[in-house]
Amino acid sequence: MMSLKGRIAIVFAVSTFIPLVFTVVFSYLTMSSILTNKLNTTFNSNLNQIRLTLENTIDDMNYVSQQIDFSENINITLQNYLEMEDSLEKKQLYEEIKNELNVITFSNPNIGLSLLYIEEEDSYVFNSHWAKDDFTLRNEPLFIKGYKIDNFGPHVSMERFNNKSVLSTVRELSINYPQKVYLYIESNLDLTKNILESDNVINDTSYLILDENKEIIYSEQEAAFSVNQTFRPKSDANYGTTDGYYWFREDTERGWSIVSLISISQYNEEINQWIIMMMYIAILFVMISLVVGLLLWKTFYKPLNQFNREVKLMGDSNFHSEIVQTSIPEFMELTNRFRYMRKQISTLITEIELKERNRADLEVEKLLHQINPHFLMNTLDTARWLAVSGEKNQVIHLISSLNKILYYNMGKLGQSSTLKDELESMEQYLQLQQIRYDFTYNIHIMLDNDLLTTSVPRFILQPIVENSIYHGLVDDGQIDVNIQLHHNEIMIEIKDDGRGMSREKINKILHTDQLEEKKQGMGIGLNYVKRILERTYNHKARIEIISIIDHGTSVILYIPNGGE
(Lines give C-alpha, C1' and ligand atoms only; values in the text may rest on other atoms or scores of the structure.)
Protein backbone atom coordinates (compact mmCIF):
# COMPACT_ATOMS: atom_id res chain seq x y z
CA MET A 1 0.00 0.00 0.00
CA MET A 2 1.47 3.37 -1.11
CA SER A 3 2.42 5.74 1.67
CA LEU A 4 1.12 9.26 2.06
CA LYS A 5 4.53 10.60 1.16
CA GLY A 6 4.55 8.60 -2.08
CA ARG A 7 1.04 9.71 -2.99
CA ILE A 8 1.92 13.33 -2.34
CA ALA A 9 5.03 12.95 -4.52
CA ILE A 10 3.05 11.48 -7.45
CA VAL A 11 0.25 14.05 -7.20
CA PHE A 12 2.74 16.88 -6.89
CA ALA A 13 4.76 15.67 -9.91
CA VAL A 14 1.66 15.31 -12.10
CA SER A 15 0.12 18.62 -10.99
CA THR A 16 3.41 20.53 -11.44
CA PHE A 17 5.21 19.19 -14.50
CA ILE A 18 2.25 18.56 -16.82
CA PRO A 19 0.97 22.17 -16.44
CA LEU A 20 4.58 23.33 -16.76
CA VAL A 21 5.04 21.60 -20.12
CA PHE A 22 1.70 22.90 -21.33
CA THR A 23 2.58 26.42 -20.16
CA VAL A 24 5.93 26.39 -21.99
CA VAL A 25 4.33 25.29 -25.27
CA PHE A 26 1.39 27.63 -24.95
CA SER A 27 3.62 30.57 -23.94
CA TYR A 28 5.88 29.98 -26.93
CA LEU A 29 2.87 30.30 -29.25
CA THR A 30 1.06 33.19 -27.54
CA MET A 31 3.58 35.29 -25.61
CA SER A 32 4.65 37.36 -28.60
CA SER A 33 1.06 38.19 -29.47
CA ILE A 34 0.17 39.03 -25.87
CA LEU A 35 3.17 41.30 -25.36
CA THR A 36 2.62 43.00 -28.71
CA ASN A 37 -0.97 43.79 -27.76
CA LYS A 38 0.17 45.03 -24.36
CA LEU A 39 2.78 47.30 -25.93
CA ASN A 40 0.18 48.60 -28.37
CA THR A 41 -2.18 49.33 -25.51
CA THR A 42 0.60 51.08 -23.59
CA PHE A 43 1.50 53.25 -26.57
CA ASN A 44 -2.14 54.15 -27.21
CA SER A 45 -2.70 54.99 -23.55
CA ASN A 46 0.46 57.13 -23.53
CA LEU A 47 -0.64 58.96 -26.68
CA ASN A 48 -4.07 59.57 -25.21
CA GLN A 49 -2.51 61.08 -22.08
CA ILE A 50 -0.28 63.38 -24.15
CA ARG A 51 -3.27 64.42 -26.28
CA LEU A 52 -5.27 65.28 -23.17
CA THR A 53 -2.37 67.31 -21.77
CA LEU A 54 -1.98 69.29 -25.00
CA GLU A 55 -5.72 69.85 -25.32
CA ASN A 56 -5.99 70.98 -21.70
CA THR A 57 -3.09 73.38 -22.22
CA ILE A 58 -4.77 74.86 -25.32
CA ASP A 59 -8.13 75.05 -23.54
CA ASP A 60 -6.52 76.84 -20.58
CA MET A 61 -4.92 79.45 -22.84
CA ASN A 62 -8.13 79.94 -24.83
CA TYR A 63 -10.15 80.23 -21.64
CA VAL A 64 -7.82 82.87 -20.17
CA SER A 65 -7.91 84.81 -23.45
CA GLN A 66 -11.70 84.59 -23.43
CA GLN A 67 -11.83 85.91 -19.85
CA ILE A 68 -9.72 88.91 -20.83
CA ASP A 69 -11.58 89.59 -24.09
CA PHE A 70 -15.00 89.34 -22.46
CA SER A 71 -14.05 91.57 -19.53
CA GLU A 72 -15.95 94.79 -20.13
CA ASN A 73 -13.92 96.56 -17.45
CA ILE A 74 -10.59 95.67 -19.11
CA ASN A 75 -11.82 96.68 -22.60
CA ILE A 76 -13.13 100.07 -21.49
CA THR A 77 -10.07 100.84 -19.35
CA LEU A 78 -7.70 99.68 -22.13
CA GLN A 79 -9.47 101.86 -24.69
CA ASN A 80 -9.15 104.89 -22.42
CA TYR A 81 -5.49 104.10 -21.85
CA LEU A 82 -4.66 103.81 -25.56
CA GLU A 83 -6.50 107.03 -26.45
CA MET A 84 -5.07 109.07 -23.57
CA GLU A 85 -2.00 111.25 -23.81
CA ASP A 86 0.90 110.61 -21.43
CA SER A 87 -0.08 111.74 -17.97
CA LEU A 88 -0.24 110.64 -14.36
CA GLU A 89 -3.78 109.38 -14.95
CA LYS A 90 -2.54 107.24 -17.84
CA LYS A 91 0.11 105.68 -15.59
CA GLN A 92 -2.58 104.90 -13.03
CA LEU A 93 -4.69 103.24 -15.74
CA TYR A 94 -1.65 101.23 -16.78
CA GLU A 95 -1.18 99.86 -13.28
CA GLU A 96 -4.91 99.12 -12.96
CA ILE A 97 -5.00 97.16 -16.24
CA LYS A 98 -1.78 95.29 -15.48
CA ASN A 99 -2.98 94.26 -12.01
CA GLU A 100 -6.26 92.93 -13.41
CA LEU A 101 -4.46 91.02 -16.17
CA ASN A 102 -2.05 89.56 -13.62
CA VAL A 103 -4.92 88.36 -11.46
CA ILE A 104 -6.32 86.43 -14.43
CA THR A 105 -3.06 85.05 -15.85
CA PHE A 106 -1.11 84.34 -12.65
CA SER A 107 -4.01 82.37 -11.17
CA ASN A 108 -3.53 79.79 -13.94
CA PRO A 109 -0.20 77.90 -13.56
CA ASN A 110 -0.32 76.73 -17.19
CA ILE A 111 0.13 80.30 -18.50
CA GLY A 112 3.62 81.71 -19.14
CA LEU A 113 4.40 84.88 -21.08
CA SER A 114 1.39 87.11 -21.80
CA LEU A 115 1.14 90.58 -23.36
CA LEU A 116 -1.00 92.92 -25.48
CA TYR A 117 0.37 93.65 -28.97
CA ILE A 118 -0.51 96.63 -31.21
CA GLU A 119 0.22 95.37 -34.71
CA GLU A 120 0.44 98.67 -36.64
CA GLU A 121 2.82 100.15 -34.07
CA ASP A 122 4.75 96.86 -33.78
CA SER A 123 4.84 97.30 -30.01
CA TYR A 124 3.58 95.50 -26.97
CA VAL A 125 2.40 96.49 -23.50
CA PHE A 126 1.34 94.84 -20.23
CA ASN A 127 3.85 91.99 -20.65
CA SER A 128 3.96 89.60 -17.69
CA HIS A 129 7.64 88.73 -18.42
CA TRP A 130 10.39 90.28 -20.53
CA ALA A 131 9.99 89.41 -24.19
CA LYS A 132 12.81 88.80 -26.66
CA ASP A 133 14.06 91.64 -28.83
CA ASP A 134 12.95 89.79 -31.98
CA PHE A 135 9.45 89.19 -30.60
CA THR A 136 7.08 87.76 -33.23
CA LEU A 137 3.32 87.67 -32.73
CA ARG A 138 2.58 84.69 -34.96
CA ASN A 139 5.13 81.91 -34.71
CA GLU A 140 4.98 79.05 -37.15
CA PRO A 141 3.59 76.51 -37.30
CA LEU A 142 -0.10 77.38 -37.19
CA PHE A 143 -1.62 74.71 -34.95
CA ILE A 144 -5.35 75.49 -34.92
CA LYS A 145 -7.08 78.20 -36.98
CA GLY A 146 -10.16 79.80 -35.42
CA TYR A 147 -12.35 82.89 -35.59
CA LYS A 148 -10.37 85.82 -34.16
CA ILE A 149 -8.20 83.32 -32.29
CA ASP A 150 -5.31 81.16 -33.53
CA ASN A 151 -3.15 78.58 -31.77
CA PHE A 152 0.51 78.26 -32.78
CA GLY A 153 3.30 75.86 -31.99
CA PRO A 154 5.26 74.07 -30.97
CA HIS A 155 7.79 76.89 -31.27
CA VAL A 156 10.58 78.44 -29.23
CA SER A 157 9.27 80.70 -26.45
CA MET A 158 9.27 84.45 -27.03
CA GLU A 159 10.15 85.00 -23.36
CA ARG A 160 13.65 86.38 -22.83
CA PHE A 161 16.23 83.82 -21.64
CA ASN A 162 13.73 81.01 -22.23
CA ASN A 163 14.37 78.62 -25.14
CA LYS A 164 11.91 75.87 -24.30
CA SER A 165 9.28 74.69 -26.79
CA VAL A 166 5.82 76.09 -26.05
CA LEU A 167 2.34 76.56 -27.52
CA SER A 168 0.90 80.05 -27.96
CA THR A 169 -2.51 81.65 -28.49
CA VAL A 170 -3.13 84.89 -30.41
CA ARG A 171 -6.55 86.52 -29.99
CA GLU A 172 -7.82 89.75 -31.53
CA LEU A 173 -9.45 91.77 -28.74
CA SER A 174 -12.93 93.20 -29.26
CA ILE A 175 -11.97 96.78 -28.43
CA ASN A 176 -13.22 99.97 -30.06
CA TYR A 177 -9.84 101.28 -31.19
CA PRO A 178 -8.64 102.27 -34.70
CA GLN A 179 -5.70 99.86 -34.55
CA LYS A 180 -5.98 96.14 -33.98
CA VAL A 181 -4.95 94.98 -30.52
CA TYR A 182 -3.98 91.33 -29.97
CA LEU A 183 -3.60 89.25 -26.84
CA TYR A 184 -0.56 86.93 -26.89
CA ILE A 185 -0.39 84.03 -24.39
CA GLU A 186 2.21 81.25 -24.07
CA SER A 187 1.94 77.95 -22.27
CA ASN A 188 4.12 77.47 -19.19
CA LEU A 189 4.99 73.85 -20.06
CA ASP A 190 8.11 72.79 -21.91
CA LEU A 191 6.57 70.65 -24.64
CA THR A 192 9.57 68.34 -24.94
CA LYS A 193 10.61 67.91 -21.29
CA ASN A 194 7.31 68.19 -19.43
CA ILE A 195 5.06 66.35 -21.87
CA LEU A 196 6.83 64.25 -24.49
CA GLU A 197 9.99 63.04 -22.73
CA SER A 198 8.30 62.45 -19.36
CA ASP A 199 5.64 60.19 -20.89
CA ASN A 200 7.92 57.97 -23.00
CA VAL A 201 7.07 54.31 -22.51
CA ILE A 202 10.31 53.30 -24.28
CA ASN A 203 13.45 55.43 -24.18
CA ASP A 204 13.82 55.69 -27.98
CA THR A 205 10.23 56.82 -28.62
CA SER A 206 9.92 59.90 -30.86
CA TYR A 207 6.88 62.03 -31.61
CA LEU A 208 5.30 63.87 -34.53
CA ILE A 209 2.47 66.40 -34.43
CA LEU A 210 0.26 66.66 -37.52
CA ASP A 211 -2.13 69.40 -38.53
CA GLU A 212 -5.63 68.78 -39.90
CA ASN A 213 -4.16 68.15 -43.38
CA LYS A 214 -1.82 65.46 -41.98
CA GLU A 215 1.22 67.66 -42.61
CA ILE A 216 4.02 67.40 -40.03
CA ILE A 217 4.31 70.60 -37.96
CA TYR A 218 6.58 69.15 -35.26
CA SER A 219 9.09 66.30 -35.64
CA GLU A 220 11.68 64.61 -33.44
CA GLN A 221 12.88 62.56 -36.43
CA GLU A 222 13.77 65.22 -39.00
CA ALA A 223 15.87 62.80 -41.03
CA ALA A 224 13.00 60.45 -41.82
CA PHE A 225 9.99 62.71 -41.19
CA SER A 226 10.73 66.35 -41.89
CA VAL A 227 8.48 69.29 -41.05
CA ASN A 228 5.95 70.25 -43.79
CA GLN A 229 6.10 66.69 -45.12
CA THR A 230 2.76 64.89 -45.42
CA PHE A 231 2.41 61.85 -43.18
CA ARG A 232 0.20 59.39 -45.07
CA PRO A 233 1.17 55.76 -44.40
CA LYS A 234 -0.32 52.93 -46.40
CA SER A 235 -2.54 51.74 -43.56
CA ASP A 236 -5.75 53.64 -42.75
CA ALA A 237 -5.66 52.33 -39.18
CA ASN A 238 -4.20 54.24 -36.24
CA TYR A 239 -1.04 52.11 -36.16
CA GLY A 240 1.31 50.37 -38.59
CA THR A 241 4.86 50.36 -39.95
CA THR A 242 6.62 52.75 -42.32
CA ASP A 243 10.24 53.47 -43.20
CA GLY A 244 11.61 51.11 -40.55
CA TYR A 245 9.38 52.41 -37.73
CA TYR A 246 6.34 51.26 -35.86
CA TRP A 247 3.92 54.19 -35.57
CA PHE A 248 0.84 54.83 -33.43
CA ARG A 249 -1.50 57.76 -34.03
CA GLU A 250 -4.02 59.56 -31.78
CA ASP A 251 -6.52 61.80 -33.62
CA THR A 252 -8.43 64.70 -32.04
CA GLU A 253 -11.83 66.21 -32.71
CA ARG A 254 -10.15 69.45 -33.80
CA GLY A 255 -8.36 67.67 -36.64
CA TRP A 256 -4.76 67.60 -35.44
CA SER A 257 -3.03 64.36 -34.49
CA ILE A 258 -0.05 63.14 -32.49
CA VAL A 259 2.08 60.20 -33.67
CA SER A 260 4.61 58.16 -31.68
CA LEU A 261 7.48 56.42 -33.49
CA ILE A 262 9.77 53.59 -32.42
CA SER A 263 12.22 51.73 -34.58
CA ILE A 264 11.23 48.17 -35.38
CA SER A 265 14.49 46.81 -33.94
CA GLN A 266 13.99 48.63 -30.63
CA TYR A 267 10.34 47.55 -30.52
CA ASN A 268 11.28 43.88 -30.96
CA GLU A 269 14.11 44.22 -28.43
CA GLU A 270 11.62 45.35 -25.80
CA ILE A 271 9.39 42.36 -26.54
CA ASN A 272 12.36 39.96 -26.32
CA GLN A 273 13.37 41.42 -22.96
CA TRP A 274 9.86 40.91 -21.65
CA ILE A 275 9.84 37.30 -22.86
CA ILE A 276 13.19 36.56 -21.18
CA MET A 277 11.99 38.18 -17.95
CA MET A 278 8.81 36.07 -17.98
CA MET A 279 10.89 32.91 -18.54
CA TYR A 280 13.05 33.71 -15.51
CA ILE A 281 9.94 34.26 -13.43
CA ALA A 282 8.48 30.93 -14.59
CA ILE A 283 11.72 29.10 -13.65
CA LEU A 284 11.70 30.80 -10.25
CA PHE A 285 8.12 29.71 -9.65
CA VAL A 286 9.00 26.11 -10.55
CA MET A 287 11.91 26.10 -8.13
CA ILE A 288 9.74 27.53 -5.37
CA SER A 289 7.10 24.88 -6.08
CA LEU A 290 9.71 22.10 -5.74
CA VAL A 291 10.89 23.48 -2.41
CA VAL A 292 7.33 23.77 -1.15
CA GLY A 293 6.64 20.19 -2.28
CA LEU A 294 9.61 18.86 -0.36
CA LEU A 295 8.42 20.65 2.76
CA LEU A 296 4.92 19.25 2.36
CA TRP A 297 6.30 15.69 2.30
CA LYS A 298 7.59 16.19 5.83
CA THR A 299 4.18 17.02 7.32
CA PHE A 300 0.97 15.17 8.21
CA TYR A 301 -2.20 15.84 6.29
CA LYS A 302 -4.83 15.86 9.03
CA PRO A 303 -3.17 18.33 11.48
CA LEU A 304 -2.24 20.57 8.58
CA ASN A 305 -5.77 20.53 7.27
CA GLN A 306 -7.17 21.26 10.74
CA PHE A 307 -4.71 24.09 11.17
CA ASN A 308 -5.74 25.43 7.76
CA ARG A 309 -9.38 25.40 8.81
CA GLU A 310 -8.56 27.35 11.97
CA VAL A 311 -6.64 29.90 9.88
CA LYS A 312 -9.63 30.28 7.55
CA LEU A 313 -11.90 30.90 10.50
CA MET A 314 -9.59 33.67 11.62
CA GLY A 315 -9.68 35.06 8.08
CA ASP A 316 -13.48 35.16 8.44
CA SER A 317 -13.03 37.24 11.63
CA ASN A 318 -13.68 34.26 13.92
CA PHE A 319 -10.94 34.64 16.55
CA HIS A 320 -12.20 32.10 19.11
CA SER A 321 -12.70 28.71 17.41
CA GLU A 322 -10.14 25.99 18.29
CA ILE A 323 -10.15 22.96 15.98
CA VAL A 324 -6.60 21.59 15.91
CA GLN A 325 -6.13 18.42 18.01
CA THR A 326 -2.76 16.70 17.73
CA SER A 327 -0.24 14.88 19.91
CA ILE A 328 2.82 16.16 18.01
CA PRO A 329 4.73 18.45 20.43
CA GLU A 330 6.19 20.66 17.71
CA PHE A 331 2.82 21.13 16.09
CA MET A 332 1.17 21.84 19.47
CA GLU A 333 3.75 24.55 20.14
CA LEU A 334 3.08 26.05 16.72
CA THR A 335 -0.66 25.98 17.37
CA ASN A 336 -0.28 27.65 20.76
CA ARG A 337 1.88 30.37 19.25
CA PHE A 338 -0.63 30.86 16.46
CA ARG A 339 -3.47 31.24 18.94
CA TYR A 340 -1.44 33.72 20.97
CA MET A 341 -0.71 35.66 17.78
CA ARG A 342 -4.40 35.49 16.83
CA LYS A 343 -5.31 37.03 20.18
CA GLN A 344 -2.77 39.81 19.65
CA ILE A 345 -4.07 40.43 16.13
CA SER A 346 -7.61 40.72 17.46
CA THR A 347 -6.44 43.30 20.00
CA LEU A 348 -4.46 45.20 17.37
CA ILE A 349 -7.41 45.23 14.95
CA THR A 350 -9.58 46.77 17.66
CA GLU A 351 -6.94 49.42 18.37
CA ILE A 352 -6.38 50.14 14.68
CA GLU A 353 -10.11 50.54 14.06
CA LEU A 354 -10.29 53.09 16.88
CA LYS A 355 -7.19 54.94 15.61
CA GLU A 356 -8.46 54.95 12.03
CA ARG A 357 -11.80 56.35 13.13
CA ASN A 358 -10.03 59.12 15.05
CA ARG A 359 -7.74 59.78 12.08
CA ALA A 360 -10.72 59.95 9.74
CA ASP A 361 -12.36 62.51 12.02
CA LEU A 362 -9.16 64.59 11.97
CA GLU A 363 -8.85 64.35 8.18
CA VAL A 364 -12.45 65.46 7.69
CA GLU A 365 -11.95 68.31 10.15
CA LYS A 366 -8.83 69.38 8.26
CA LEU A 367 -10.70 69.29 4.94
CA LEU A 368 -13.61 71.20 6.42
CA HIS A 369 -11.45 74.08 7.61
CA GLN A 370 -9.40 74.41 4.43
CA ILE A 371 -10.00 77.82 2.94
CA ASN A 372 -7.97 78.73 -0.12
CA PRO A 373 -5.98 81.91 0.73
CA HIS A 374 -6.30 83.03 -2.89
CA PHE A 375 -10.07 82.96 -2.53
CA LEU A 376 -9.96 85.34 0.44
CA MET A 377 -7.29 87.53 -1.16
CA ASN A 378 -9.15 87.85 -4.48
CA THR A 379 -12.49 88.44 -2.72
CA LEU A 380 -11.06 91.20 -0.54
CA ASP A 381 -9.30 92.66 -3.57
CA THR A 382 -12.63 92.70 -5.39
CA ALA A 383 -14.19 94.50 -2.40
CA ARG A 384 -11.40 97.07 -2.50
CA TRP A 385 -11.92 97.81 -6.20
CA LEU A 386 -15.69 98.01 -5.73
CA ALA A 387 -15.16 100.49 -2.90
CA VAL A 388 -12.77 102.55 -5.04
CA SER A 389 -15.29 102.60 -7.89
CA GLY A 390 -18.07 103.73 -5.54
CA GLU A 391 -20.13 100.52 -5.71
CA LYS A 392 -21.29 100.81 -2.09
CA ASN A 393 -24.20 98.35 -2.38
CA GLN A 394 -22.04 95.80 -4.16
CA VAL A 395 -19.40 96.05 -1.41
CA ILE A 396 -22.06 95.56 1.26
CA HIS A 397 -23.49 92.50 -0.51
CA LEU A 398 -20.03 91.02 -1.09
CA ILE A 399 -18.82 91.49 2.51
CA SER A 400 -22.14 90.22 3.86
CA SER A 401 -21.96 87.06 1.73
CA LEU A 402 -18.32 86.46 2.69
CA ASN A 403 -19.12 86.94 6.38
CA LYS A 404 -22.00 84.44 6.26
CA ILE A 405 -19.91 81.88 4.40
CA LEU A 406 -17.01 82.15 6.87
CA TYR A 407 -19.37 82.00 9.85
CA TYR A 408 -20.95 78.85 8.44
CA ASN A 409 -17.52 77.37 7.68
CA MET A 410 -16.21 77.99 11.21
CA GLY A 411 -18.87 75.80 12.82
CA LYS A 412 -17.72 72.95 15.05
CA LEU A 413 -16.95 69.57 13.52
CA GLY A 414 -19.77 67.12 14.09
CA GLN A 415 -22.46 69.77 14.15
CA SER A 416 -25.15 68.76 11.71
CA SER A 417 -26.87 71.23 9.48
CA THR A 418 -30.18 71.34 7.63
CA LEU A 419 -30.98 71.50 3.95
CA LYS A 420 -32.29 75.03 4.55
CA ASP A 421 -28.92 76.17 5.97
CA GLU A 422 -27.04 74.35 3.21
CA LEU A 423 -29.09 76.08 0.50
CA GLU A 424 -28.65 79.50 2.12
CA SER A 425 -24.87 79.01 2.36
CA MET A 426 -24.75 77.84 -1.27
CA GLU A 427 -26.73 80.91 -2.41
CA GLN A 428 -24.43 83.25 -0.45
CA TYR A 429 -21.44 81.63 -2.18
CA LEU A 430 -23.02 82.06 -5.63
CA GLN A 431 -23.86 85.70 -4.94
CA LEU A 432 -20.25 86.30 -3.93
CA GLN A 433 -18.92 84.64 -7.09
CA GLN A 434 -21.31 86.62 -9.31
CA ILE A 435 -20.10 89.88 -7.77
CA ARG A 436 -16.42 88.86 -8.13
CA TYR A 437 -16.53 87.80 -11.77
CA ASP A 438 -19.51 89.80 -13.05
CA PHE A 439 -20.89 86.61 -14.58
CA THR A 440 -24.50 85.46 -14.41
CA TYR A 441 -25.31 81.99 -13.14
CA ASN A 442 -28.97 81.20 -13.47
CA ILE A 443 -29.94 79.16 -10.41
CA HIS A 444 -33.10 77.09 -10.36
CA ILE A 445 -33.97 75.27 -7.13
CA MET A 446 -36.70 72.63 -6.90
CA LEU A 447 -37.34 71.48 -3.34
CA ASP A 448 -40.02 69.76 -1.34
CA ASN A 449 -40.57 72.22 1.53
CA ASP A 450 -41.09 69.31 3.93
CA LEU A 451 -37.40 68.49 3.52
CA LEU A 452 -36.07 71.91 4.57
CA THR A 453 -35.53 70.84 8.18
CA THR A 454 -33.89 67.53 7.24
CA SER A 455 -30.57 67.02 9.06
CA VAL A 456 -27.55 66.64 6.74
CA PRO A 457 -23.75 67.02 7.09
CA ARG A 458 -22.38 70.52 6.59
CA PHE A 459 -20.87 71.61 3.26
CA ILE A 460 -22.15 68.92 0.91
CA LEU A 461 -23.78 71.29 -1.62
CA GLN A 462 -21.25 74.13 -1.96
CA PRO A 463 -18.28 71.97 -3.12
CA ILE A 464 -20.39 70.51 -5.93
CA VAL A 465 -21.67 73.92 -7.05
CA GLU A 466 -18.10 75.23 -6.82
CA ASN A 467 -16.91 72.46 -9.15
CA SER A 468 -19.72 73.34 -11.59
CA ILE A 469 -18.50 76.96 -11.69
CA TYR A 470 -14.75 76.30 -11.96
CA HIS A 471 -14.73 73.12 -14.04
CA GLY A 472 -18.12 72.97 -15.73
CA LEU A 473 -19.49 76.35 -16.78
CA VAL A 474 -17.61 78.45 -19.32
CA ASP A 475 -18.81 82.01 -18.68
CA ASP A 476 -22.52 82.13 -18.01
CA GLY A 477 -24.73 79.14 -17.51
CA GLN A 478 -27.53 77.35 -15.74
CA ILE A 479 -27.30 75.46 -12.46
CA ASP A 480 -30.31 73.37 -11.39
CA VAL A 481 -30.68 72.08 -7.83
CA ASN A 482 -33.33 69.41 -7.38
CA ILE A 483 -34.02 67.96 -3.91
CA GLN A 484 -36.77 65.41 -3.43
CA LEU A 485 -37.69 62.26 -1.55
CA HIS A 486 -36.80 59.18 -3.58
CA HIS A 487 -38.16 55.99 -2.01
CA ASN A 488 -36.48 55.90 1.43
CA GLU A 489 -33.69 58.24 0.41
CA ILE A 490 -33.25 61.96 -0.15
CA MET A 491 -32.04 62.63 -3.69
CA ILE A 492 -30.01 65.83 -4.16
CA GLU A 493 -29.17 66.58 -7.80
CA ILE A 494 -26.95 69.49 -8.88
CA LYS A 495 -26.86 69.88 -12.64
CA ASP A 496 -25.04 72.34 -14.90
CA ASP A 497 -25.02 72.89 -18.66
CA GLY A 498 -21.26 73.30 -18.95
CA ARG A 499 -18.39 71.40 -20.55
CA GLY A 500 -19.15 67.97 -19.17
CA MET A 501 -16.47 65.36 -18.53
CA SER A 502 -15.29 62.00 -19.86
CA ARG A 503 -16.17 58.60 -18.38
CA GLU A 504 -12.50 58.17 -17.37
CA LYS A 505 -12.60 61.32 -15.29
CA ILE A 506 -15.92 60.31 -13.69
CA ASN A 507 -14.46 56.92 -12.69
CA LYS A 508 -11.41 58.63 -11.25
CA ILE A 509 -13.56 60.94 -9.12
CA LEU A 510 -15.82 58.15 -7.86
CA HIS A 511 -13.28 55.39 -7.30
CA THR A 512 -10.06 57.15 -6.24
CA ASP A 513 -9.62 57.31 -2.47
CA GLN A 514 -7.13 60.19 -2.44
CA LEU A 515 -8.20 62.51 -5.26
CA GLU A 516 -5.86 65.38 -6.02
CA GLU A 517 -7.94 68.52 -6.45
CA LYS A 518 -6.92 71.98 -7.51
CA LYS A 519 -7.90 74.37 -4.73
CA GLN A 520 -10.51 76.79 -5.98
CA GLY A 521 -12.83 79.06 -4.04
CA MET A 522 -13.25 77.79 -0.50
CA GLY A 523 -10.85 74.92 -1.22
CA ILE A 524 -13.28 72.18 -0.11
CA GLY A 525 -13.84 69.70 -2.95
CA LEU A 526 -15.63 66.51 -3.90
CA ASN A 527 -13.07 64.53 -1.91
CA TYR A 528 -14.51 66.12 1.24
CA VAL A 529 -18.08 65.26 0.19
CA LYS A 530 -17.12 61.62 -0.35
CA ARG A 531 -15.33 61.44 3.01
CA ILE A 532 -18.04 63.14 5.06
CA LEU A 533 -20.81 60.99 3.54
CA GLU A 534 -18.80 57.84 4.25
CA ARG A 535 -18.06 58.92 7.81
CA THR A 536 -21.66 59.97 8.49
CA TYR A 537 -23.67 57.22 6.79
CA ASN A 538 -21.18 54.30 6.54
CA HIS A 539 -21.88 52.98 2.98
CA LYS A 540 -25.56 53.90 3.18
CA ALA A 541 -25.04 57.02 1.06
CA ARG A 542 -23.74 57.14 -2.50
CA ILE A 543 -22.72 59.55 -5.25
CA GLU A 544 -23.58 59.25 -8.94
CA ILE A 545 -22.20 61.41 -11.76
CA ILE A 546 -23.84 61.65 -15.18
CA SER A 547 -22.07 63.78 -17.76
CA ILE A 548 -22.16 64.45 -21.50
CA ILE A 549 -19.29 66.32 -23.12
CA ASP A 550 -20.34 69.89 -24.06
CA HIS A 551 -23.83 69.34 -22.57
CA GLY A 552 -23.22 69.42 -18.84
CA THR A 553 -22.84 67.33 -15.71
CA SER A 554 -25.24 66.06 -13.04
CA VAL A 555 -23.93 65.13 -9.58
CA ILE A 556 -26.52 63.16 -7.60
CA LEU A 557 -26.31 62.42 -3.88
CA TYR A 558 -28.47 59.73 -2.27
CA ILE A 559 -28.56 59.92 1.51
CA PRO A 560 -30.75 58.03 3.99
CA ASN A 561 -33.91 59.83 5.01
CA GLY A 562 -33.69 60.86 8.65
CA GLY A 563 -29.91 60.83 9.08
CA GLU A 564 -27.74 57.88 9.90
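What you see is a predicted model, and the numbers here were worked out from it, not measured in a lab. Quick note: numbers below take in every heavy atom, side chains included, and nothing from hydrogens, waters or symmetry partners. FYI, the numbering just counts along the sequence from 1.
In terms of heavy atoms, V166 sits closest to V156 at CG2-C, 4.4 Å.
Aromatic pair F43/Y239: centroids not less than 6.0 angstrom apart.
In this structure, the side chains of N62 and Q66 stay at 4.5 Å or more apart for every pair of heavy atoms. Using a 4.5 Å cut-off on side-chain heavy atoms (C-beta onward), N48 and E504 make contact. Annotation: side chain of I111 is in contact with side chain of M61 (closest heavy-atom distance under 4.5 Å). Side-chain contact between L430 and I469 is present, with heavy atoms from C-beta onward closer than 4.5 Å.
Surrounding NZ of K214 are more than 12 heavy atoms belonging to other residues, nucleotides or ligands, all under 6.0 Å away.
Every residue two or more places apart in sequence or in another chain that forms a salt bridge (charged side-chain N to carboxylate O under 4.0 Å, His left out) with R160 is listed here: D133. Qualifying salt bridge (charged side-chain N to carboxylate O under 4.0 Å, His left out) partners for D211, counting only residues two or more places apart in sequence or in other chains: none. When the salt bridge (charged side-chain N to carboxylate O under 4.0 Å, His left out) test is applied to E250, the partners found at least two apart in sequence or on another chain are R51. Residues forming a side chain to side chain contact (heavy atoms under 4.5 Å, CB included) with N488 (at least two apart in sequence, or on another chain): none.
For the pair R499 and Y63, the cation-pi test (distance below 6.0 Å, angle within 45°) is passed. For the pair R138 and Y182, the cation-pi test (distance below 6.0 Å, angle within 45°) is passed.
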What donor-acceptor contacts under 3.5 angstrom involve side-chain atoms of residues 547-556, with partners at least two apart or in another chain?
unit_1, atom_1, unit_2, atom_2, d
S547, OG, M501, N, 2.7
S547, OG, M501, O, 3.4
S547, OG, G552, O, 3.3
S547, OG, T553, OG1, 2.9
H551, ND1, I549, O, 3.1
S554, OG, E493, OE2, 3.3

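Although no hydrogens or angles enter the test, the distance criterion places no donor-acceptor pair under 3.5 Å between the side chain of E212 and the main chain of W256. Judged purely by atom type and a 3.5 angstrom limit, T205 has no side-chain atom pairing as donor or acceptor with the backbone of I262. When atom types are taken as modelled, the side chain of N188 and the backbone of P109 share a donor-acceptor pair closer than 3.5 angstrom. Between the side chain of S157 and the backbone N or O of E159, at least one donor-acceptor pair lies under 3.5 Å. At least one donor-acceptor pair closer than 3.5 Å links the side chain of K530 to the backbone N or O of I509.
A side-chain N or O of S114 and one of S128 form a donor-acceptor pair less than 3.5 Å apart. Side-chain atoms of T57 and N110 form no donor-acceptor pair, as typed in the model, at a separation below 3.5 Å. Checking D496 against N467 by side-chain atom types alone, no donor-acceptor pair falls below 3.5 Å. Between the side chains of Q478 and H444, no donor-acceptor pair is found at a separation under 3.5 Å. H155 and S168 share a side-chain donor-acceptor pair at under 3.5 Å.
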Inset, instruction - Step by step, work out the side chain to side chain contact (heavy atoms under 4.5 Å, CB included) result for Y246 and L261. - result: CA-CA 6 Å; Y246 278 105; L261 301 170; over 6 Å; no
Inset, instruction - Start with the C-alpha distance between N442 and D480, add both sets of side-chain angles, then the distance that settles side-chain hydrogen bond (donor to acceptor under 3.5 Å, both in side chains), and finish with yes or no. - result: CA-CA 8 Å; N442 295 321; D480 296 322; over 6 Å; no
Inset, instruction - Decide salt bridge (charged side-chain N to carboxylate O under 4.0 Å, His left out) for K540 and E489; before the verdict, give the C-alpha distance in whole Å, the side-chain angles of both, and the deciding distance to 0.1 Å. - result: CA-CA 10 Å; K540 295 180 181 179; E489 299 175 313; over 6 Å; no
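Identified under the salt bridge (charged side-chain N to carboxylate O under 4.0 Å, His left out) test for residues 147-157, with sequence neighbours left out: K145-D150.
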